[in-house]
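One structure is given below, encoded as structure tokens.
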Amino acid sequence: MANTENLKIVRFITGEEVMAEVTSNSGECITLKNPIRVIVVPSKADPKNPQVGFAPYTEFTDDKEFTFSKNHVLTMFNPISQFVNQYNSVFGGLVVPDSKIIKP
């Protein structure tokens with residue numbers, strides 16, 4: 001289960017955005033656990049409104065943690081709740097219902 005306090009979106013200097021649990025952020029390196037790429041895909045129904053999707057960070061390994069030089073990180077920020085829920089549904093964490101659909 002992901003520690004949602006440590007769940008971040010990391011934008012690399014290449015422009016690539018990855019959502020992952022930050023397990024280490026010290027010195028010259030940052031370590032990410034279970035990273036997934038955040039991608040924008042065109043909508044076939046409405047090309048003017050693209051959709052956001054997730055893709056594996058890398059398809060050719062069973063590794064779960066990756067270490068990067070902080071020189072390659074442009075910024076890091078907290079994901080929106082919908083992204084957190086989607087991430088948790090993939091990696092077995094807690095999925096919190098949208099508060100807008102809960103009625104007193």
Going by side-chain hydrogen bond (donor to acceptor under 3.5 Å, both in side chains), name the residues that satisfy it together with [X], two or more places apart in sequence or in a different chain.
X     : value
Lys70 : Asn25
Ser24 : none
Thr23 : Glu65
Thr58 : none

To the nearest 0.5 Å, what is the distance between [atom1] on [X] and [atom2] on [Y]?
X     : Y     : atom1 : atom2 : value
Gln86 : Phe91 : CD    : CZ    : 10.5 Å
Met19 : Phe77 : CE    : CZ    : 10.0 Å
Leu74 : Met76 : CG    : CE    : 11.5 Å

Ring pair (Phe, Tyr, Trp, His ring centres under 6.0 Å) partners of Phe83, counting only residues at least two apart: Phe54

Chi angles and distances behind the side-chain contact (heavy atoms from CB on, under 4.5 Å) call for Thr67, Ile30: CA-CA 6 Å; Thr67 301; Ile30 184 170; over 6 Å; no

Result block: side-chain N/O donor-acceptor pairs under 3.5 angstrom for residues 7-14, not counting sequence neighbours:
| residue | atom | partner | partner atom | Å |
| --- | --- | --- | --- | --- |
| Lys8 | NZ | Asn78 | OD1 | 2.4 |
| Arg11 | NE | Glu17 | OE2 | 2.6 |
| Arg11 | NH2 | Glu17 | OE2 | 2.1 |
| Thr14 | OG1 | Glu16 | N | 3.4 |

Flag yes if Val22 and Val84 sit in one hydrophobic cluster, no otherwise; membership is Ile, Leu, Val, Met, Phe, Trp, Tyr, and two members link when side-chain heavy atoms are under 4.5 Å apart. no

Restricting to side-chain contact (heavy atoms from CB on, under 4.5 Å), what partner residues turn up for Asp63, sequence neighbours left out?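 Partners of Asp63 under the side-chain contact (heavy atoms from CB on, under 4.5 Å) test: Thr61, Phe66.
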
Identify each donor-acceptor pair in which a side-chain atom of residues 34-45 lies under 3.5 Å from a protein atom, sequence neighbours left out, and give them as a table.
| residue | atom | partner | partner atom | Å |
| --- | --- | --- | --- | --- |
| Arg37 | NE | Pro56 | O | 3.0 |
| Ser43 | OG | Ala45 | N | 3.3 |
| Ser43 | OG | Asp46 | N | 3.1 |

